[in-house]
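Let me begin by presenting the structure, written as structure tokens, before commenting on it.
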Amino acid sequence: MQRFAPLTDDRLWTKGATRPLPGREFVLYWMQVVQRAHDNFALNFAIERADELGLPVLVYQELRHDYPWASDRFHTFVLEGVVDLQRDFAARGIQYACHLVTGDTEAAPPLIALANRAAMVVTDWFPTFVVPRRTKELRASADCPVVAVDSSTVIPAKRLDKAFSGARHIRPVLMKDLDDWLLPPENPEPAKRGPIDLPFEVTRPSDETIASLVASCAIDHDVAPAVGWRGGTTAARKRLKWWTKNGLPNYLERNDPNLDVTSKMSPWLHFGHVSPHEVLLAAKKAGPQEAWEKFLDETLTWRELAFNLCTHNAKHRTTAAIPEWAQKELADHEGDPRTIYSSSQLEYASTGDELWNACQRTYLRDGWMPNYLRMLWGKSVIGWTRDAATALRILEHLNNKYSLDGRDPNSYGGVLWCFGKFDRPFYRRPIFGTVRYMSLKAAKTKFDTAKFINSTT
């Protein structure tokens with residue numbers, strides 16, 4: 001018998017009443033961050049509740065203009081995903097409606113009106129960015145229960161009822177019952193189907209219309225779509241298939257940015273175009289064993305450690321999330337001599353170090369950077385700013401404005417690691433104290449830095 005990853009109560013995040021209201025028209029799935037029509041626990045839960053009530057499911061997604069760092073880059077990636085969602089939901093007989101909020105003098109988004117026709121609203125659980133606030137706002141405004149469902153993690157985040165201080169502490173907890181969780185999620189078919197009348201005009205993007213739709217929105221048009229990337233499940237699976245055959249066998253060489261051996265799945269994972277289950281199972285099947293085990297550690301242990309951080313620490317956007325020893329070390333060395341660059345010099349890759357500038361150019365142009373370079377990139381900014389709070393604010397801005405996988409728990413886990421989070425004290429250095437230091441100059445001994453720099457110009 002086929003085993004599936006279970007949809008358990010510890011994937012549900014609720015507040016107040018959870019009993020569906022009688023006499024309503026449908027169960028509403030408000031899709032926020034898990035933008036896929038498959039392997040989606042929130043969608044599965046909505047289908048289960050709808051079948052119990054004899055109602056259809058309506059999937060509603062709105063792309064607004066007013067989220068932080070909204071730009072052509074992210075709007076384009078999302079709308080490319082919508083092209084796939086239109087096809088994939090139609091194939092499953094589930095009504096899906098995308099609403100593009102351009103920012104013109106238009107009526108308020110129809111989410112509340114739809115919620116007030118629904119027996120229940122199911123949405124995506126996500127511990128950072130605008131998602132917790134918007135879910136809270138809907139709970140305060142809607143007259144029906146609102147249930148958030150965790151489709152972002154392999155081991156439900158709710159099962160980890162405390163914050164873990166490092167990978168070595170969370171790793172055995174995640175691995176303990178991994179075989180019971182790392183299974184393909186089920187994809188049930190709904191018993192009842194629409195159509196459902198909608199009070200707005202559905203946005204139906206195509207490859208030919210995405211650019212004009214994006215241009216119509218009141219967003220940052222100076223951040224162009226990322227070079228070499230396309231949003232959506234189809235593109236994610238194409239990359240995954242290529243990587244498991246060509247990149248994974250050489251994954252142990254992933255710290256060389258001149259080699260295309262990292263999965264590059266993080267943008268699609270962030271937008272939910274592909275599930276972590278699918279990515280990990282594909283890598284497990286492909287092997288080889290040593291590469292698979294290292295990829296598992298990166299994609300399960302470190303990713304879910306970051307979700308754990310954002311779940312249990314409401315101050316994960318601040319230096320309060322840095323360990324006390326690291327806060328003290330960085331504060332004690334604030335008076336150390338250093339080169340100071342302005343936020344503008346950093347943003348537009350105008351420092352005196354060509355390797356760092358090349359790293360930043362990958363963000364400006366490509367919207368993505370290999371993990372080893374991100375560590376060098378982040379550590380360097382700490383050394384070029386007056387204090388940790390300033391450095392953290394700049395790194396958050398640059399990462400979230402340009403990186404396709406920014407605004408994510410992994411973003412905060414990775415950036416805070418540069419300040420000593422999840423790490424231990426090392427040998428004392430100027431500026432950093434005992435916080436781990438990484439040298440841009442030493443990178444020359446690890447890979448061909450000149451080749452990488454040339455590839456970014």
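This one's a predicted model, so the numbers in the text were calculated from it and none came from an experiment. All heavy atoms count here, side chains included; hydrogens, waters and symmetry mates do not.
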Should Asn187 and Phe4 count as side-chain neighbours, where that means a heavy-atom distance under 4.5 Å? no
Quick one about Tyr412 and Asn400 (side-chain donor to acceptor, distance below 3.5 Å, no hydrogens or angles considered), yes or no?
yes
Checking side-chain polar atoms at under 3.5 Å, does Ser411 have a donor or acceptor matched by the opposite partner on Glu396? no
Is it the case that Tyr96 and Gln86 place a side-chain donor and acceptor less than 3.5 Å from each other?
no
Legend entry - Side-chain touch Leu7/Glu48, heavy atoms, less than 4.5 angstrom: yes
- Query: Does some side-chain heavy atom of Ile170 sit less than 4.5 Å from a side-chain heavy atom of Asn308?
  - Reply: yes
The complete set of ring-ring contact (aromatic ring centres under 6.0 Å, His included) pairs with one or both residues in residues 148-192, sequence neighbours excluded, reads none
- Item | Salt bridge Lys192-Asp51, side-chain N to carboxylate O under 4.0 Å | no
_Salt-bridge present (Arg49, Glu52; N to O < 4.0 Å)_ = yes
Evaluation steps, side-chain hydrogen bond (donor to acceptor under 3.5 Å, both in side chains), between Asp84 and Thr233:
CA-CA 7 Å; Asp84 288 355; Thr233 296; 4.9 Å; no
For Thr153 and Asp150, what are the C-alpha separation, side-chain angles and deciding distance, and is it a side-chain hydrogen bond (donor to acceptor under 3.5 Å, both in side chains)?
-> CA-CA 7 Å; Thr153 62; Asp150 175 4; 2.7 Å; yes
Exercise for review: For the pair Glu137 and Arg133, evaluate side chain to side chain contact (heavy atoms under 4.5 Å, CB included) and give the outcome as yes or no after the intermediate values.
Suggested key: CA-CA 6 Å; Glu137 290 172 352; Arg133 173 175 58 82; 3.2 Å; yes
Checking Ile196, Leu58, Leu28 against Arg117 for side chain to side chain contact (heavy atoms under 4.5 Å, CB included), the one that qualifies is Ile196
His221/Asp72 under side-chain hydrogen bond (donor to acceptor under 3.5 Å, both in side chains): CA gap, chis, key distance, verdict:
CA-CA 5 Å; His221 296 300; Asp72 288 17; 2.6 Å; yes
request  = Please examine the side chains of Val149 and Thr123, heavy atoms only from C-beta on, and report whether any two atoms are closer than 4.5 Å.
outcome  = no
> Aromatic ring centroids of Phe295 and Trp243 under 6.0 Å?
Replying inline: yes
What one should report as the nearest heavy-atom pair of Pro6 and Arg11 is O-NE, 3.8 Å
Here the gap from Asn410 atom CG to Glu298 atom CD, rounded to the nearest 0.5 Å, amounts to 10.0 Å
Could you check Thr76 against Arg230 for side-chain hydrogen bond (donor to acceptor under 3.5 Å, both in side chains), going step by step and ending with a plain yes or no?
CA-CA 8 Å; Thr76 298; Arg230 180 184 173 88; over 6 Å; no
NE2 of His397 to OG of Ser343, rounded to nearest 0.5 Å, is 7.5 Å
Heavy-atom closest pair (His38 atom, His273 atom, distance to 0.1 Å) is CE1-O, 3.8 Å
CH2 (Trp268) and CZ (Arg36) are apart, to the nearest 0.5 Å, by 14.5 Å
Would you say the rings of Tyr60 and Tyr29 are close, in the sense that their centroids are separated by under 6.0 Å? no
Centroid-centroid under 6.0 Å between Trp356 and Trp384 rings
yes
Closest non-hydrogen contact found for Leu85 with Ala37 is CD2-N, 3.9 Å
Residue pairs passing the salt bridge (Lys or Arg N to Asp or Glu O under 4.0 Å) test with at least one member in residues 155-167, sequence neighbours excluded, are Asp10-Arg159
Margin query: Check the orientation of Trp302 and Phe422. Use parallel for under 30°, tilted for 30 to 60°, and perpendicular for over 60°.
Written below: perpendicular
Are Arg64 and Tyr67 in a cation-pi contact, defined as NZ or CZ under 6.0 Å from the six-membered ring centre and within 45° of the axis?
no
Nearest heavy-atom approach of Leu364 to Ala349 is CD1-CB, 4.4 Å
All heavy atoms of Val381 vs all of Thr385, minimum pair found to be O-OG1, 2.8 Å
Inspect the contact between Lys328 and Glu324 and indicate whether a charged nitrogen and a carboxylate oxygen are less than 4.0 angstrom apart.
no
Applying side chain to side chain donor-acceptor pair (under 3.5 Å) to Asp177 and not counting sequence neighbours gives none
Item to check | Non-hydrogen side-chain atoms of His65 and Thr102 separated by less than 4.5 Å | outcome: no
### Query
Is there a side-chain contact between Thr362 and Leu373, using heavy atoms and a 4.5 Å cut-off?
no
**Prompt:** Do the side chain of Gln95 and the main chain of Gly194 share a donor and acceptor less than 3.5 angstrom apart?
**Reply:** no
The ring pair (Phe, Tyr, Trp, His ring centres under 6.0 Å) partners of His333 (sequence neighbours excluded) come to none
Is the closest basic N to carboxylate O distance between Glu334 and Arg386 below 4.0 Å? no
To the nearest 0.5 Å, atom OG of Ser141 lies from atom CD1 of Ile112 at 4.0 Å
Is Arg407 close to Pro68 at the side-chain level, that is, under 4.5 Å between some pair of heavy atoms?
no
Quick one: is the NZ or CZ of Arg424 closer than 6.0 Å to the six-membered ring centre of Phe426, and within 45° of its axis?
yes
(Q) Before we go on, tell me: are the rings of His312 and Phe307 under 6.0 Å apart, centre to centre? (A) no
Original post:
Going by atom types only, do Thr301 and Asp297 share a side-chain donor-acceptor pair under 3.5 Å?
Top reply: yes
In this structure, CG of Asn255 is separated from CE of Met375 (nearest 0.5 Å) by 6.0 Å
The side chain to side chain donor-acceptor pair (under 3.5 Å) partners of Arg239 (sequence neighbours excluded) come to Asp260
Evaluate Arg374 against Asp405 for salt bridge (charged side-chain N to carboxylate O under 4.0 Å, His left out), listing each step before the verdict. CA-CA 12 Å; Arg374 294 193 203 208; Asp405 59 16; 2.8 Å; yes
- request: Apply side chain to side chain contact (heavy atoms under 4.5 Å, CB included) to the pair Thr434 and Phe432, showing each step before the final yes or no.
  value: CA-CA 6 Å; Thr434 59; Phe432 288 83; over 6 Å; no
Quiz item: Are His277 and Phe41 close enough that their ring centers fall under 6.0 Å?
Solution: yes
When rounded to the nearest 0.5 Å, the distance separating OG1 of Thr319 from CZ of Phe419 is 8.5 Å
Trp325 and Gly420 have their tightest heavy-atom pair at CZ2-O, 3.9 Å
Fill in: Ring centroid separation Tyr363 to Trp368 under 6.0 Å
no
By side chain to side chain contact (heavy atoms under 4.5 Å, CB included), Ala119 pairs with (sequence neighbours left out) Pro20, Arg24, Leu53, Leu55
- Query: Is the Phe74 to Tyr402 ring centre distance short of 6.0 Å?
  - Reply: no
